[in-house]
J.: 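Take this structure, written in structure tokens, and hold onto it; I'll ask about it next.
Note that the coordinates shown come from a computational prediction; the quantities given were computed from them, not determined experimentally. Throughout, protein chains are lettered first and strands after them, A, B, ... in sequence-line order, and every chain is numbered starting at 1. Hydrogens, waters and symmetry mates play no part in the numbers below; they use all other heavy atoms, side chains included.
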There are 2 protein chains.
Amino acid sequence: MGADNIRKMTLTKDILKQLNLFSEPELRQKLLEHCLLKSFEKDDVIVRQGQYIKVVPIVISGTIRVFQTKEDREILLYYVQPNQTCMMSLSACFYNNESPSQAIAMEKTQVLVVPTRFIAQWQKEYASWNNFVIKTFRNRYDELLHTFESVAFDHVDKRVLEYLQDRASIEAINRIEISHQQLANELGTTRVVISRILKQFELEGKVILHRKMIEII
Amino acid sequence: MGADNIRKMTLTKDILKQLNLFSEPELRQKLLEHCLLKSFEKDDVIVRQGQYIKVVPIVISGTIRVFQTKEDREILLYYVQPNQTCMMSLSACFYNNESPSQAIAMEKTQVLVVPTRFIAQWQKEYASWNNFVIKTFRNRYDELLHTFESVAFDHVDKRVLEYLQDRASIEAINRIEISHQQLANELGTTRVVISRILKQFELEGKVILHRKMIEII
DNA sequence: TCAAAACGGTATCAAAAGATACCGAAGTGG
DNA sequence: CCACTTCGGTATCTTTTGATACCGTTTTGA
């Protein structure tokens, strides 16, 4: 939320309706009173590594990519879709510290900006809010555990194939628009390794390689 | 909780006092009514990979090691100390599924066994319980994120040194009793790699190697 | 006591990944 | 249109880690 080019917009009931998360009318009223609607353009920085976080962004539309970097290496943690929020924001509500991760908008993205001071309080008062908090913690932990396990135990080629298949499955497509460098950034390795592996896959008849696009057979 | 050699013992107020987690007298009364005290010997299996979990074990004394395995490889997730619980138990309360991890007692260990059906309910009713749940989620996530980052970005030798230094620091000792194979199991690699790295450290004057013990200089 | 198991050191070889460099093709934007 | 950037293929070499084997020493437990 340190990005200078944030657009604050009017939060209305209609916009809030796009979130199918919170059922209590009283809570929805409080969201209208205390929260903002913000809009980001593609590639806008939402959270920087090391940044102190004062708000929890719940995605209404669009996608946020959360990742770790070290020197010139980068690895995906997760994507934040509509009706979701990011872990470092939620974490910061209960013990404010610096974000270990970065968050960037992948496309034009609208978020509901919730001040952190309400999170713990609303958790006690509203079941749907508590449910959201717990589900976020739980799902993000499971997801990270899965990623951790494959980084720890699997070779990169297996992880590449799994990534492509997951993505094809989720998006119900077989033509994945991604460059080799982007794929390297998702998996925490280098572009050359990815190119090498993908070429091997092409020779094995698993994929057809296009420029910035990979077709799964 | 599938281990056949569990010893059920009497849960008394005095034993419950060893936990400095829960402040409400009403909650402490409910813990006395609904929970059990169980005891494990060193090397007892507390949770198996793939097992469905019906209880949340809160450690009163002793230590539990939680880890992931794949084929004959193994990597530490975390240790559960007194006043703590494990993540797959807590996770199972909100959506029961198979444990992705294994848990083993590292020494004689006593745990408070809380049936999962009370977790979500008590979370709404007792602030200290909610605090425990949230803190567990948060701390375990942060911890896993840190481990993930070093597995993803650091070489094994760096991770070895960091492990040894962390352990020396936490235990306020400089003689760490661990075999090369155990260290390999903590870090998800092989014994030979560990031996090689440690030998290099010895040549560099960072450690002195003993049998089943490493002395940090 | 002694056989077996565990431990750790070392060697050899292989596989995986990284680092660097170069190049031709495609895309971008002034 | 054209200079520049991006993309991806490939080569070469290096580093890191893994796999396997062997061995001498120490520990364990019957």
J.: In terms of side-chain heavy atoms, does A/Q200 have a donor or acceptor partner in A/D157 at a distance below 3.5 Å?
T.: no
J.: Just the table, please: protein N/O against nucleotides 14-18 of chain C N/O, every pair under 3.5 Å.
T.:
unit_1	atom_1	unit_2	atom_2	d
C/dA17	OP1	A/V156	N	2.7
C/dG18	OP1	A/R73	NH2	3.0
C/dG18	OP2	A/T189	OG1	2.2
C/dG18	O6	A/R196	NH2	3.3

J.: So how far is it from B/N139 CG to B/M87 CE, rounded to the nearest 0.5 Å?
T.: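 It comes to 10.5 Å.
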J.: Rounded to the nearest Å, what distance is computed from the CZ atom of residue B/F153 to the C1' atom of nucleotide D/dT17?
T.: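 Atom CZ in B/F153 sits about 19 Å away from atom C1' in D/dT17.
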J.: Closest-nucleotide mapping onto DNA chain C: is B/V192 or B/Q182 further toward the 5' terminus? I mean the 5' end.
T.: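 Of the two residues, B/Q182 wins.
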J.: Could you state the CD1-P distance from A/I176 to D/dG8, rounded to the nearest angstrom?
T.: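 Roughly 14 Å, once rounded to whole Å.
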J.: Once you round it to whole Å, what is the distance between C1' of D/dT17 and NZ of B/K158?
T.: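 Roughly 18 Å, once rounded to whole Å.
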J.: Rounded to whole angstroms, how far apart are CG on B/N185 and P on C/dG8?
T.: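 The distance from CG of B/N185 to P of C/dG8 comes to 12 Å, rounded to the nearest Å.
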J.: Would you check if the side chain of A/N174 reaches a backbone N or O of A/I216 as a donor-acceptor pair within less than 3.5 Å?
T.: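 A pair under 3.5 Å: yes.
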J.: Can you tell me the distance, in whole Å, between the NE2 atom of B/H210 and the P atom of C/dG9?
T.: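 Distance check: B/H210 NE2 to C/dG9 P gives 11 Å.
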J.: Can you give one letter per nucleotide of nucleotides 25-30 of chain C, 5' to 3': B if a protein heavy atom sits under 4.0 Å from the base, S if only from the sugar-phosphate, - if neither?
T.: -BS---
J.: Please give the angle, rounded to 10 degrees, between the axes at the start and the end of the helix from C/dT1-D/dA30 to C/dG30-D/dC1, where five pairs define each axis.
T.: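 Inter-axis angle at the termini of the helix from C/dT1-D/dA30 to C/dG30-D/dC1: 50°.
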J.: Is any side-chain heavy atom of B/F67 closer than 4.5 Å to one of B/I104?
T.: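 Heavy-atom side-chain distance check passes, below 4.5 Å.
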J.: Are A/Q49 and A/T69 linked by a side-chain donor-acceptor pair shorter than 3.5 Å?
T.: yes
J.: Which part of the nucleic acid, if any, lies within contact of A/I194, taking any heavy atom under 4.0 Å across all strands shown: a base, the sugar-phosphate backbone alone, or nothing?
T.: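 Answer is nothing: A/I194 stays at 4.0 Å or more from every strand.
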J.: Should the side chain of A/R191 and the base of D/dG9 be counted as holding a donor-acceptor pair, with the cut-off at 3.5 Å?
T.: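 Between D/dG9 and A/R191, which were checked side chain against base, a qualifying N/O pair under 3.5 Å is present.
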J.: Once rounded to the nearest 0.5 Å, what's the spacing between atom CZ of A/R48 and atom CD of A/E98?
T.: 14.0 Å
J.: Side chains of B/Y163 and B/R159 only: does a donor on one sit below 3.5 Å from an acceptor on the other?
T.: no
J.: I'd like to know if the side chain of B/R138 and the backbone of A/L90 have a donor-acceptor N/O pair within less than 3.5 Å.
T.: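 No, the answer is negative, given that no donor and acceptor are paired below the 3.5 Å cut-off.
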J.: Using atom CD of B/Q200 as one end and atom C1' of D/dT17 as the other, report the distance to the nearest whole Å.
T.: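 These atoms are roughly 15 Å apart.
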J.: Measure CD1/A/I178 against C1'/D/dT6 and give the value in whole Å, please.
T.: 16 Å
J.: Given atom NZ of B/K199 and atom P of D/dT16, what is their separation to the nearest angstrom?
T.: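 Those two atoms, NZ and P, are 20 Å apart.
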J.: Check the orientation of B/F148 and A/F148. Use parallel for under 30°, tilted for 30 to 60°, and perpendicular for over 60°.
T.: tilted
J.: Please answer whether the main-chain N or O of B/S91 pairs with a side-chain N or O of A/Y141 as donor and acceptor at a distance below 3.5 Å.
T.: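 Not at all, since once roles are kept as given, no pair shorter than 3.5 Å links the two residues.
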J.: Answer yes or no: is there a donor N or O on one side and an acceptor on the other, between the side chain of A/S101 and the main chain of A/Q68, under 3.5 Å?
T.: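 It does not hold such a pair.
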